[in-house]
Amino acid sequence: MPVDGHSAAPFALDPENVATLDAIREALLDPSPRRIGRLDQWGLADTYETYAEIAEYRETPIVMADGTQIDAALSVPRNLAGQTCPVVVMPAPLVAIGRTAYLGMFPRLALGGYAVLAYSQRGLAGSTGEIDVAGPQDVADGVEILDWLTGQEGVDADRIGCFGASYGAGTSLLLAAKDSRVKAVAGASAWGDLFASLYENGTVHTAAFEALVALFGEERCSKEFRGVIEKIRGNTIDDEVKEFARVRSPKQYLKAYNDNELPVLMTTYWHETIFSVPAVVDFFKGLQGPKSLLVQIGDHGNGELPGLLGLIAKPTETAYRWLDHYLGGTAGNGTQPQFGVRSEYMHNLLSELSHDTWQEYVLPRKRFHLGAAASGEADATMAEGQPQPGWTRSLDATGKSTEAVVAPQLVKTGLAERLGRPHTYKTAAVAVAWTTAPLEQPMRVQGELELRVTVKPQAAGDATIVAYLMDFNPATGNARIITHAPYTVTGRPAGQATTVTFPLQPAHYVLGKGRQLQLIIDSHDPFFSDANTTPSTVELSSPKSTEAYLDIPLAPLP
């Protein structure tokens with residue numbers, strides 16, 4: 001179901017992209033001049049003519065032990081003459097076309113000397129069975145698929161790697177935790193902790209959750225998953241929900257990755273609205289083997305989509321190099337992979353900073369104290385220096401959205417941002433804000449943020465607040481979002497004040513001279529569940545000894 005203005009199908013491929021992939025599939029199945037010639041309209045005819053000469057493509061359902069048929073396609077280089085080749089296994093992303101989303105990558109991998117197996121997880125696209133959401137059944141399927149794969153002629157059982165996007169990235173990581181035959185993983189738009197992605201600071205990620213459920217199709221989901229769906233919709237986050245998420249979270253299997261020294265590459269986005277960025281960072285920090293983290297401008301899946309279609313894209317180029325390094329192929333044109341943390345900063349798509357570790361990447365934080373607002377004013381000061389105790393501000397809880405939202409559209413707002421068109425906010429009408437003085441020089445926000453404030457719901461014991469940090473332009477009154485986070489207080493008596501301290505999403509943002517940092521706190525965002533009684537009032541305050549602050553990793557731009 002759509003949630004307010006959010007699309008229930010934010011991941012849908014453009015019809016032109018679907019038509020391209022359909023034509024590629026037909027040419028792979030029948031590499032005749034007529035079929036390949038049809039690809040001329042997209043400039044792909046030469047690519048797939050070359051592919052047909054060097055590799056054989058066939059679609060071959062793989063039957064699991066319980067009779068489930070997994071929709072799969074295998075590509076193997078021709079003329080191996082008794083030799084074996086490395087293989088890349090690609091579980092499908094969560095799109096209706098399943099494994100065919102990867103067909104644009106086949107020529108590059110084939111030219112690099114790889115065999116390729118792409119498959120749709122059970123219940124997805126052409127695979128039978130019920131959707132298990134990268135759970136134990138999907139992992140068991142993956143092990144059976146590797147058993148089948150290693151029996152195919154020309155496949156080197158000692159050089160198996162996984163590449164996956166989104167759902168495929170999570171499936172790849174969880175399979176690698178179970179089966180040591182996987183020697184390297186490259187995951188684009190991956191998750192580290194499924195529970196943190198569903199439920200952040202006591203708050204359900206409603207819009208993202210409903211969009212994912214709509215894409216799965218509830219009628220194809222397992223009984224277990226359907227039960228979890230209803231519990232999350234009812235905000236019943238019990239042990240069953242936690243266990244469902246736990247076994248599907250790569251962070252739970254750090255020991256397996258570290259014992260095997262598994263090379264892991266992950267990519268994510270500063271404005272990722274589907275999977276928790278802090279959880280990806282925590283997972284990355286816990287890995288002890290070779291590892292690389294790429295954090296980009298935009299939202300879920302924005303950067304890798306061109307690469308899946310066979311074009312140049314940073315996530316897929318990075319993945320080719322990563323797999324080459326550990327499996328011995330040549331899809332990455334001989335370029336060595338990069339390790340550690342690589343980050344783009346908003347809004348420079350051509351930017352990239354490299355650091356060996358996350359600890360070296362993050363800047364020290366500066367504490368900005370939240371001050372009192374003048375009578376009748378919505379805006380107050382936010383400044384370094386002395387704590388500012390003693391103030392109280394009222395936040396109306398109406399259950400309706402204001403100008404402050406995480407993103408007007410899941411995924412698509414981030415894509416526009418990645419293409420140089422970040423969403424513009426008008427923040428003059430928001431209820432509660434704090435703003436710094438204009439910056440005297442260009443500055444950068446780089447790393448982790450933390451907010452402390454005291455919350456007192458007046459009508460009941462539960463309350464939700466959502467904090468947004470903005471880049472505010474005083475000359476125009478316009479703002480752009482830097483980062484955000486929700487927090488829900490539960491189980492308190494009505495009228496009891498509770499001091500909460502919580503992280504905002506990490507950020508990498510450059511601000512120009514004269515711009516101002518602006519913190520907005522609101523009571524409702526359609527992206528999140530809302531525990532507020534409506535209509536009512538939530539009081540924000542700064543008691544002595546627990547004064548309100550926002551810690552920001554801020555430094556002059558080099």
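Here the structure is a predicted model, which is why all the values come from computation and not from measurement.
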Do [X] and [Y] come within less than 4.5 Å of each other through their side chains, counting heavy atoms only?
| X | Y | value |
| --- | --- | --- |
| Gln296 | Met346 | no |
| Ile297 | Tyr345 | no |
| Val155 | Leu117 | no |

>> Treating Asn258 as the side-chain partner and Gly286 as the backbone partner, does any N or O pair qualify as donor plus acceptor under 3.5 Å?
In response: yes
Does a side-chain N-to-carboxylate-O contact under 4.0 Å join [X] and [Y]?
| X | Y | result |
| --- | --- | --- |
| Lys291 | Glu261 | no |
| Glu317 | Arg108 | yes |
| Asp138 | Arg248 | no |

> With sequence neighbours left out, what residues match Tyr487 under ring-ring contact (aromatic ring centres under 6.0 Å, His included)?
Replying inline: Phe502
Can [X] and [Y] be counted as having a side-chain donor-acceptor contact under 3.5 angstrom?
| X | Y | value |
| --- | --- | --- |
| Asp299 | Thr273 | yes |
| Asn333 | Tyr320 | no |
| Ser197 | Trp191 | no |
| Thr488 | Thr464 | yes |
| Gln121 | Thr171 | yes |
| Glu304 | Ser189 | yes |
| Tyr51 | Ser75 | yes |

With sequence neighbours left out, which residue pairs that include part of [range] fulfil the salt bridge (charged side-chain N to carboxylate O under 4.0 Å, His left out) condition?
| range | value |
| --- | --- |
| residues 86-99 | Glu59-Arg99, Asp71-Arg99 |
| residues 115-125 | Asp66-Arg122, Arg122-Asp141 |
| residues 318-327 | none |
| residues 191-208 | Asp193-Lys251 |

> Given the rule in the ring-ring contact (aromatic ring centres under 6.0 Å, His included) test, do Phe275 and Tyr269 qualify, once you have shown the distances and angles that lead to the verdict?
Replying inline: CA-CA 10 Å; Phe275 298 134; Tyr269 296 88; over 10 Å; no
> Who are the side-chain hydrogen bond (donor to acceptor under 3.5 Å, both in side chains) partners of Ser166, not counting sequence neighbours?
Replying inline: His300
Would you name the heavy atoms of [X] and [Y] that are closest together and state the gap between them?
| X | Y | value |
| --- | --- | --- |
| Thr47 | Pro107 | CG2-CB, 3.6 Å |
| Ala208 | Ile274 | CB-CD1, 3.9 Å |
| Gln252 | Arg246 | CG-O, 3.1 Å |

Classify the ring geometry of [X] against [Y]: parallel below 30°, tilted from 30° to 60°, perpendicular beyond 60°.
| X | Y | answer |
| --- | --- | --- |
| Tyr102 | Phe163 | perpendicular |
| Tyr425 | His423 | perpendicular |
| Phe244 | Phe225 | parallel |

> Could you walk me through whether Ser127 and Tyr119 pass the side chain to side chain contact (heavy atoms under 4.5 Å, CB included) check?
Replying inline: CA-CA 9 Å; Ser127 293; Tyr119 72 92; over 6 Å; no
> Are Glu210 and Leu212 close enough, and set up right, to give a side chain to side chain contact (heavy atoms under 4.5 Å, CB included), and what steps lead you there?
Replying inline: CA-CA 5 Å; Glu210 291 293 355; Leu212 290 169; over 6 Å; no
> Stepwise, does the salt bridge (charged side-chain N to carboxylate O under 4.0 Å, His left out) test hold for Lys412 with Glu417?
Replying inline: CA-CA 9 Å; Lys412 294 179 180 179; Glu417 178 180 67; over 6 Å; no
> Stepwise, does the side chain to side chain contact (heavy atoms under 4.5 Å, CB included) test hold for Glu144 with Ile70?
Replying inline: CA-CA 11 Å; Glu144 283 195 62; Ile70 299 297; over 6 Å; no
>> Quick check on the 6.0 Å ring-centre criterion: do Phe527 and His205 meet it?
In response: yes
> Aromatic ring centroids of Tyr48 and Tyr57 under 6.0 Å?
Replying inline: no
> Residues in salt bridge (charged side-chain N to carboxylate O under 4.0 Å, His left out) with Arg159, at least two apart?
Replying inline: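 Arg159 satisfies salt bridge (charged side-chain N to carboxylate O under 4.0 Å, His left out) with Asp156 only.
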What residues form a side chain to side chain contact (heavy atoms under 4.5 Å, CB included) with [X], not counting sequence neighbours?
| X | answer |
| --- | --- |
| Val247 | Pro136, Glu243, Tyr253 |
| Lys231 | Thr236, Asp238, Glu240, Val241 |
| Pro263 | Ala184, Pro290, Trp322, Tyr326 |
| Val295 | Thr268, Trp270, Leu293 |

>> Does anything in residues 216-230 form a side chain to side chain donor-acceptor pair (under 3.5 Å)? List the pairs, not counting sequence neighbours.
In response: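 Pairs touching residues 216-230 that pass the test: Glu218-Arg233, Glu230-Arg233.
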> When you look at Gln288 and Leu254, which way does the side chain to side chain contact (heavy atoms under 4.5 Å, CB included) test go after all the steps?
Replying inline: CA-CA 9 Å; Gln288 296 173 5; Leu254 276 169; over 6 Å; no
